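Just so you know, residue 1 is the first one in the sequence shown, and it goes up from there. Quantities reported herein were computed from a predicted structural model and do not represent experimental measurements. Note: hydrogens, waters and symmetry copies are ignored here, and every other heavy atom, side chains too, is used.
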Amino acid sequence: SDLESARSDAMIALAELDQLYASETVAASETGNRASVDAIVAARDQVTVLVGEQDTILAALRGRMRG
């Protein structure tokens, strides 16, 4: 259950990063400065990897519980 809770937190972080991305993309279109957009994309990529790893572990644990 701790891992599922951590996964939920990671999904919330992804949603917040998506909001930041949208906001910063609009700002960057006005200023031409994409540094913050690039940083958000990098952070989102890292969180996406973590969520994928958590999904893999959760699936393995669920498989053990069934077996």
Using 0.5 Å steps for rounding, measure from the [atom1] atom of [X] to the [atom2] atom of [Y].
| X | Y | atom1 | atom2 | value |
| --- | --- | --- | --- | --- |
| Leu50 | Met11 | CG | CE | 12.0 Å |
| Asp38 | Glu24 | CG | CD | 11.0 Å |
| Arg66 | Arg62 | CZ | CZ | 7.5 Å |

| request: Could you check Asp55, Val49, Thr48 and say which one makes a side chain to side chain contact (heavy atoms under 4.5 Å, CB included) with Val51? | output: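 Only match with Val51 under side chain to side chain contact (heavy atoms under 4.5 Å, CB included): Asp55.
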| query | What residues, two or more places apart in sequence or in another chain, satisfy side-chain contact (heavy atoms from CB on, under 4.5 Å) together with Thr25? | reply | Tyr21, Val37
| field | For the student: nearest non-hydrogen atoms of Arg44 and Asp18, plus distance | value |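 The pair with the smallest heavy-atom distance is NE-OD1, 2.5 Å.
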| Same cluster or not: are Leu14 and Leu58 linked, directly or through other Ile, Leu, Val, Met, Phe, Trp or Tyr residues, by side-chain heavy atoms under 4.5 angstrom apart? | no
| said: Going by salt bridge (charged side-chain N to carboxylate O under 4.0 Å, His left out), name the residues that satisfy it together with Asp9, two or more places apart in sequence or in a different chain. | reply: none
| message | With a 4.5 Å cut-off on side-chain heavy atoms, are Ile57 and Gln54 touching? | response |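 Counting from C-beta outward, Gln54 and Ile57 never come under 4.5 Å.
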| message | Keeping Ser23 on the side-chain end and Gln19 on the backbone end, is there a donor-acceptor pair under 3.5 Å? | response | no
